[in-house]
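Quick note on labels: first sequence line is chain A, next is B, and so on, each numbered from 1.
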Protein chains: 2
Amino acid sequence: MSYVTVKDIAKVAGVSTNTVSRALNGKPDVNQETKQKVIEVAHKLGYVSNRSALSLKRQKSYIVGVVTEDNANPFWAEVLKGVEATAKNYGYHIIIANTSRNYETEAEGIKMLIERRVDGLLISPVQEKYDDILNLKRYEIPFAIMGRHVEGLDVPMVYDDGIRGGSIATEHLIKQGCKKIAFIGAQPYNTASSERCQGYKKALQKNGITVEDDLIKTGGIEIGGGYKSVMDLAANHTEFDGIFVYNDLMALGVIKALKELKIRIPEDVKVIGYDDISYASFICPSLTTMRMKKFEIGEIAFKMLFDSNEQNKDEVVLHSDLIIRESA
Amino acid sequence: MSYVTVKDIAKVAGVSTNTVSRALNGKPDVNQETKQKVIEVAHKLGYVSNRSALSLKRQKSYIVGVVTEDNANPFWAEVLKGVEATAKNYGYHIIIANTSRNYETEAEGIKMLIERRVDGLLISPVQEKYDDILNLKRYEIPFAIMGRHVEGLDVPMVYDDGIRGGSIATEHLIKQGCKKIAFIGAQPYNTASSERCQGYKKALQKNGITVEDDLIKTGGIEIGGGYKSVMDLAANHTEFDGIFVYNDLMALGVIKALKELKIRIPEDVKVIGYDDISYASFICPSLTTMRMKKFEIGEIAFKMLFDSNEQNKDEVVLHSDLIIRESA
DNA sequence: ATCGGTATCGATACCGGTATCGATTAGGAG
DNA sequence: CTCCTAATCGATACCGGTATCGATACCGAT
C-alpha cells in the first residue's frame, strides 16, 4: 500500500483537500462534525503527513543539523544529548553529521544539511580551515559554534574556558607535588587544546616552574594519540612526574602507555584529564579530571539558535570543575 | 540572502528551468556550452539543491531511519557506525531516533521517520510491545530489526546468537572454577537478555550444576541496573563466586557494587560481560567479555534493506567471541 | 523542395501539502 | 423583505525541483 494523501482523505470524506488540511491541523473555519469525520477517515486510511511537502510549502524543516567530530565519542555523545533533549522541547529533530576530524567531511556534511534545508546548524568545527563555515553567512540560516572558541570569526559560540580549566588542572598537579609536568594535547589548530595549554603554562609560571618545550606534546586525538605521546616522551628519555592531558579519551591512552612502561599512577606520575566522560570513574586508576558542562553546551547552543533569551548573546563561556579521583 | 532556485539560475543563464536541471544533473540533451554556462551561473549564485523538493518529486528521500535505545550507549554507537559507514557508501544519510527504552518514544520516533518518508528503517525494538513495528507493514517501506531476535514477527533480522554466547561465557566461568554463578540480566521481555540467560542455564545443566532462581536477577539496564542487582544479591545473603552480566555497561555497575562490598575480583568473584565495548579493557579490573560484531550488525542490517545480495535473507545470525581479561 | 532523423531546449504537469481568496449559506437585524 | 455578518468550505496558486512531451532548428538524403 502506498502512502495516503490529503487528496485520498478528501475523496473519501467528501470534502476538499483544503478542509482536510484545516481539520487535521486544528485550524478554524471547520465545522465540528466535518472535522471529526475527516479525522476519522484519516485515521482509518492510516494517513501520515509528508514532511517534505510541508518543508517545501512552509519553507521550514523543523530540523537542526549538528556537526561534530564523532557522535560515538563519549564527550560529544553527552553534548548531543543536550542538543537533542532541548530540540525535542522546541519541536525540532536533529540530523547528525560526523566530521571524523576531517575538513572535507565537515564541508560535505554542512552541504548535505543545507540541502536538507535545516532551520539551524550547530557546529563543532574541525578547525583546519573555516571556509565552509564562513560561507554559511551567505544564507539566512542561523548557526552557532559548540565547544570551541574561535577568535575573529564573528559567529555565536558556546564553549568552556580552557585557560581557566587548564590552569586549575595544572595547579592541582603542582599542589600534589609535581615538578615536571607534561602537557599532552591535540592538533595545534585545535583551540580547545591550545587554550588548555595556555592555562597550563600560566599555572607553571605563576608557581615559578619554567615551561619546557620537551614536555609539551601535540598530535593525534583519541586513545591512540595519548598513547603515542607518552611513548614519544619515554623514547626521548624526557623525565616527568605529572601529565595534564587534553581530554579523558587521550588520558586512557596515556594510562595504557604508562602501565606498559611499568610507571605507577599516581606514585610515579600523576595524571589529570579533562571532560569527565562517564567512564572516567571506572578506569584504573580512576581518573582525576575537569568536569565540563557537556549537556549544557548542547542545550545552550540550541537555544542560541531560536530562543529569544539566548539568541542575541554571541558568546557563552562555561566553567568546568575539578573532580579529584585516584590518578592525581 | 535567500536560497537560489533553478528559476533564478534559468533567468540569469537565459535558459529554461528544465535545461538548468539537465545541466546540473549531467543528463543528456544539453549542449556542452550551455551546460558549462549553467554550472557557472549556479556556482556563482551559490546554488544548493533542495532535498525536500527532490524527495517530493522523486518519491525517495535517500534517508534511512535508525531507531535505537540510545546512540550514546557505547554498544549502539558502534552499531551506528556500521550503519552510517554503509549508508554513506550507498548514498544515504541517516536520521537517528532514540527510544530511551520506552515504547511510546519508540512509536513517536517511528512516526516521525515515516513523516520524513525515509526509504528504510532499522529498528532495535524496545520489545515491550510490537504494535508500532507491525503497523509498518501497512506501508511499502523496507525495514529490519537489529540486534534482537524476535520469534513470530516475520520481519528480517540480524542478531547475535545469545544462547551460544551465553553458554560460552558461562562455561568460561565454570572452567575458572566457579560453582555458584549468578546471571544479571535486563528486563524479562528483552530477548537478547533472555537468550543469554538460556545459554547460561544450558551451560550449567551441561556441567551438572543446578539452576537456582535466587541467582538470576533481571531488572533495569545500564550501569545502575547492574549495581542494584548485586546489592540485591548481597542483601539476600545469596552466595556466589561468579557473575555473568547481560552486557558490559551493566558489568560496570556490577564491578562498582562488588568493590563497595569489598569483594575482590577475580579472587572472590569472577565477572564476565557481553558486547566488548571499547572501555572494557580500560576498566579496573579489565573486563572479560564476549566480543559482539557490532559494526557488522549495523552494516548487514543496512544491506538487508537495499543490497540485492542480502535483501532476501530474513535472518542473519552472528557469533561473538570470548575475550579473556582480568575479571575472569 | 521535401522528408526524416537528431540534437537541443521549453512549456507544463506533477509530487503533497498549505495559504489566499472568493463563494455559498444561514441567521439575525433593520 | 433586504442587507449584513459570520461560519463554512472549495478552487486555485504556490513551494522547488524533475519528467514528459512537444517544439524547433539544422543536417543530409532523396
| Is the shortest side-chain N/O distance from B/Arg58 to OP1 or OP2 of D/dA19 below 4.0 Å? | yes
| Considering only C/dC9, D/dG16, C/dT18, which nucleotide approaches the side chain of B/Asn31 most closely? | C/dC9
| query | Pick the nucleotide of DNA chain C nearest each of A/Ser21 and B/Val30; which residue has the one closer to the 5' end? | reply | B/Val30
| request: Measure the shortest side-chain to side-chain distance between B/Met146 and B/Ile123 over non-hydrogen atoms and say whether it is less than 4.5 angstrom. | output: no
| request: Tell me what B/Asn18 touches on the nucleic acid: a base, only sugar-phosphate, or nothing, going by heavy atoms under 4.0 Å. | output: base
| field | Distance in angstrom units between A/Arg117 CZ and D/dC15 P, rounded | value | 14 Å
| note | On DNA chain D, more 5' by nearest nucleotide between A/Val15 and A/Ala53 is A/Val15
| query | When the distance from NZ of A/Lys7 to P of C/dA13 is rounded to whole Å, what number comes out? | reply | 13 Å
| field | C/dG17 OP1/OP2 closer than 4.0 Å to side-chain N/O of A/Tyr3 | value | no
| said: If you define the side chain from C-beta out and look only at heavy atoms, does anything of B/Met292 sit under 4.5 Å from B/Leu318? | reply: no
| task | Figure out the CG/C1' separation between B/Asn25 and C/dC9, and round it to whole Å. | result | 16 Å
| field | Distance-only side-chain donor-acceptor flag, A/Tyr47 / A/Asp8, under 3.5 Å | value | no
| remark: In whole angstroms, the gap separating P of C/dC9 from CD of B/Gln32 amounts to 11 Å
| query | If you draw a 6.0 Å radius around CZ in A/Phe295, do more than 12 non-hydrogen atoms from other residues or ligands fall strictly inside? | reply | yes
| query | Within the structure, does a side-chain N or O atom of B/Thr19 lie under 4.0 Å from either OP1 or OP2 of C/dC9? | reply | no
| task | Quick one: label B/Arg22 by what it contacts on the DNA or RNA (base, sugar-phosphate, nothing), any heavy atom closer than 4.0 Å. | result | base
| If we only count heavy atoms from C-beta on, is the B/Val30 to B/Thr19 side-chain gap below 4.5 Å? | yes
| query | Could you state the CG-P distance from A/Leu54 to D/dC15, rounded to the nearest angstrom? | reply | 16 Å
| query | What integer distance in Å separates B/Glu115:CD from C/dC15:P? | reply | 20 Å
| Base, sugar-phosphate, or nothing for B/Thr34, non-hydrogen atoms under 4.0 angstrom? | sugar-phosphate
| field | Rounded distance (Å) that lies between atom P of C/dG16 and atom CZ of B/Arg116 | value | 17 Å
| task | Just compare C/dC9, C/dG10, D/dA19 and give me whichever is closest to any side-chain atom of B/Ser16. | result | C/dG10
| task | Provide, to the nearest angstrom, the distance between the CG atom belonging to B/Leu56 and the P atom belonging to D/dG16. | result | 12 Å
| Is a salt bridge present between A/Glu40 and A/Lys44, judged by a nitrogen-to-oxygen distance below 4.0 Å? | no
| task | Examine D/dG16: is either OP1 or OP2 under 4.0 Å from a nitrogen or oxygen in the side chain of A/Gln59? Give yes or no. | result | yes
| task | For B/Asp29, report the nucleic acid contact type (base, sugar-phosphate, nothing); a contact means any heavy atom under 4.0 Å. | result | base
| note | Assign each of B/Gly14 and A/Lys27 the nucleotide of DNA chain C bearing its closest heavy atom; nearer the 5' end lies the nucleotide of B/Gly14
